[in-house]
Asker: 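Right, I'll just put the structure down here and ask away after.
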Amino acid sequence: MPSLKTQPVSSAAASSAAPPPAVRVYEVGPRDGLQNEQAFIPTEDKITLIETLADAGLARVEITSFVNPRWIPALADADRVAAGLAHHPRYAEAFTALCPNLKGLSRVDDTPLREVAVFMSASESHNKRNINKSRDETYPKFEPVFAACAERGLRVRAYVSVVWGCPYEGAVDPAEAVDVAERLLAMGAYEVSLGDTIGVGDPAQTHRILDAMTARIPIEKLALHMHDTRGTALANCLAGYEHGVRTFDASVAGLGGCPYAPGASGNLATEDLVYMFERMGVSTGVDLDRLVDAGLLAQRLLGRTLPGRALQALSAGRTP
Ligand code: HMG
Ligand code: MG
């Protein structure tokens, strides 16, 4: 019997027509997932998790955050995580980390990282809670980071958070998010990842947001970063795919949340995303069996069952 994991079911994939466009999967679990955990996961365990994720073939793995460790104590070992992976053959191509300012970049300088990510919010209140600055105060902090990265040949990705809704302000005007995304791209970001930080969005809203974005920004420059607080993350990604988005963020086993966004529970589980796309005949470049190994490892490290649903189904009967 063909494997349920990989057997494509869509008529497009089953026909002799060209396969549907492939996607890139950007793994945020070791950063977005672990930043929210109360327990401090030992550095060696974080490294093993990241290695397992990289070996599964994910296009990128966000390994940690070079932020103030007093703000994000769970990732206070960022420097040691980055150093401990130095031997990894996919380091320069696949690893990346959050870096909000020059202080963060001075720490990145001690690592082999070739990519970093900055982050801002579509709403003023979330930006203040998350970065301790207004949006207007944040751009000048980013400018020297972009300039220094350009000098060093580092790629810079940018996040725009709370695009689908803000925990402090409620509805967010897509025009605000478009403005932030455009400015970050103009500053030198190669891609902007649009975040549904608190997982409130629906597919119709996703199409509206992408309509507003693509009136000013090429779709190739956009990625989606959906949290799954209300179970709509996968549907939003499918809407994004239909709209032309080809890069999706997800978190192993559905780990995740944002400490400065009350109610932001897990990110979309990477296994769920990869399972859906592979079944549709959309190539992700990810080895789902190896990804399940990473999901099981994440569960062991955290000592609890994690929310990823494909992980539970695909690992049933396996020795944990
Ligand atoms: P600040 O307090 O305004 O910074 O923090 P400051 O420049 O005034 O410096 C204050 C102190 O912080 C100084 O130390 C600095 O050295 C230190 P002191 O002199 O008091 O001992 N400091 C740093 N230390 C280490 N590394 C650094 C660094 N920068 C300053 N890089 C800052 C500003 C941005 C640093 C702070 O607000 C912070 O660390 N915020 C972290 C927020 C965060 O990580 N949030 C979660 C990630 S974002 C997210 O989850 C959303 C996302 O997933 C997308 C989505 O879901 O939408 C990306
Ligand atoms: Mg997030």
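FYI, the numbering just counts along the sequence from 1. Start at 1 and go down the list; that is how both ligands and their atoms are numbered. Values reported hereafter were calculated over all heavy atoms of this structure, with side chains retained and with hydrogens, waters and symmetry mates removed.
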Asker: Could you list the atoms of ligand 1 found under 4.0 angstrom from a heavy atom of Leu98?
Answerer: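 What qualifies from ligand 1 is 47 (C).
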Asker: Ignoring hydrogens, just give me the one of Trp71, Phe119, Trp164 whose non-hydrogen atom is nearest atom 36 (C) of ligand 1.
Answerer: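 Result: the heavy atom closest to atom 36 (C) of ligand 1 is in Trp71.
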Asker: Hey, are Glu191 and Arg60 close enough for a salt bridge, meaning a charged N less than 4.0 Å from a carboxylate O?
Answerer: no
Asker: Is Pro69 near ligand 1, meaning one of its heavy atoms is under 4.0 Å from it?
Answerer: yes
Asker: For Lys141, is the nearest heavy atom under 4.0 Å from an atom of ligand 1?
Answerer: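 Per 4.0 Å heavy-atom rule, Lys141 does not contact ligand 1.
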Asker: Checking side-chain polar atoms at under 3.5 Å, does Glu278 have a donor or acceptor matched by the opposite partner on Thr284?
Answerer: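 Yes, Thr284 and Glu278 have a side-chain donor paired with an acceptor closer than 3.5 Å.
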Asker: Show me which atoms of ligand 1 lie under 4.0 Å from any heavy atom of His227.
Answerer: 56 (O)
Asker: When rounded to the nearest 0.5 angstrom, what distance separates CG in Leu154 from OH in Tyr190?
Answerer: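 Reported to 0.5 Å precision, the distance equals 12.0 Å.
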Asker: Give yes if a backbone or side-chain nitrogen or oxygen of Asp196 is under 3.5 Å from a nitrogen or oxygen of ligand 1, and no if not.
Answerer: no
Asker: Strictly under 2.8 Å, is any N, O or S atom of Asp249 next to the Mg ion (ligand 2)?
Answerer: no
Asker: Is Tyr159 close to ligand 1, meaning an N/O of one under 3.5 Å from an N/O of the other?
Answerer: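 Between Tyr159 and ligand 1, no N or O pair is found under 3.5 Å apart.
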Asker: Hey, is Arg31 touching ligand 1 through its side chain, its backbone, both or neither, going by heavy atoms under 4.0 Å?
Answerer: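 Under 4.0 Å from ligand 1, Arg31 contributes side-chain atoms alone.
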Asker: Can you tell me how far the CG atom of Leu210 sits from the CD atom of Gln205, to the nearest 0.5 Å?
Answerer: 10.5 Å
Asker: Based purely on interatomic distance, does Ser65 place a nitrogen or oxygen under 3.5 Å from a nitrogen or oxygen of ligand 1?
Answerer: no
Asker: If we ignore angles and hydrogens, is there a donor and acceptor under 3.5 Å between the side chains of Arg31 and Ser65?
Answerer: no
Asker: Below the 3.5 angstrom mark, is there an N/O of Arg70, backbone or side chain, next to an N/O of ligand 1?
Answerer: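 Yes, there is a polar N/O contact under 3.5 Å.
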Asker: Can Arg290 and Asp293 be counted as an ion pair, charged N to O under 4.0 angstrom?
Answerer: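 Yes.
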Asker: Out of curiosity, Asp211 CG to Thr206 OG1, how far, rounded to the nearest 0.5 Å?
Answerer: 11.0 Å
Asker: At a 4.0 Å threshold, what atoms of ligand 1 neighbour a non-hydrogen atom of Arg107?
Answerer: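 That gives atoms 25 (C), 26 (N) of ligand 1.
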Asker: Measure the acute angle between the ring planes of Tyr159 and His225, then classify it against the limits of 30° and 60° as parallel, tilted or perpendicular.
Answerer: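 It falls in the perpendicular class, over 60°.
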Asker: Mind checking whether Val192 and Lys221 have side chains closer than 4.5 Å, heavy atoms only?
Answerer: no
Asker: Out of Arg152, Lys103, Arg114, which residue meets the salt bridge (Lys or Arg N to Asp or Glu O under 4.0 Å) rule with Asp109?
Answerer: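 Running salt bridge (Lys or Arg N to Asp or Glu O under 4.0 Å) over Arg152, Lys103, Arg114 with Asp109 returns exactly one hit, Arg152.
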Asker: If we count only N and O atoms by modelled type, under 3.5 Å, do the side chains of Asn130 and Ser161 hold a donor and an acceptor together?
Answerer: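 There is no such pair (donor and acceptor under 3.5 Å, judged by atom type) between the side chains of Asn130 and Ser161.
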Asker: Rounded to 10°, how big is the angle at the Mg ion (ligand 2) from His227 NE2 to Asp32 OD2?
Answerer: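 Approximately 100° at the metal, rounded to tens of degrees.
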Asker: Under 4.0 Å, heavy-atom basis, I'd like to know which part of Asn130 is in contact with ligand 1: side chain, backbone, both or neither.
Answerer: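 Both of them.
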Asker: Gly195 to ligand 1: N or O pair under 3.5 Å?
Answerer: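 In fact, backbone or side chain, Gly195 has no N or O that close.
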Asker: Just going by heavy-atom distances, which of Asn101, Asn267, Asp249, Thr197 is nearest to atom 35 (C) of ligand 1?
Answerer: Asn101
Asker: For Asp32, take its heavy atoms, then give the atoms of ligand 1 lying under 4.0 Å from any of them.
Answerer: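 Those qualifying, in numeric order: 50 (O), 53 (O).
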Asker: Under 4.0 Å, heavy-atom basis, I'd like to know which part of Asn68 is in contact with ligand 1: side chain, backbone, both or neither.
Answerer: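 Asn68 to ligand 1: contacts from backbone and side chain alike.
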Asker: How long is the straight-line distance from SG of Cys237 back to CG of Asp249, given to the nearest 0.5 Å?
Answerer: 8.5 Å
Asker: Give yes if a backbone or side-chain nitrogen or oxygen of Val160 is under 3.5 Å from a nitrogen or oxygen of ligand 1, and no if not.
Answerer: no
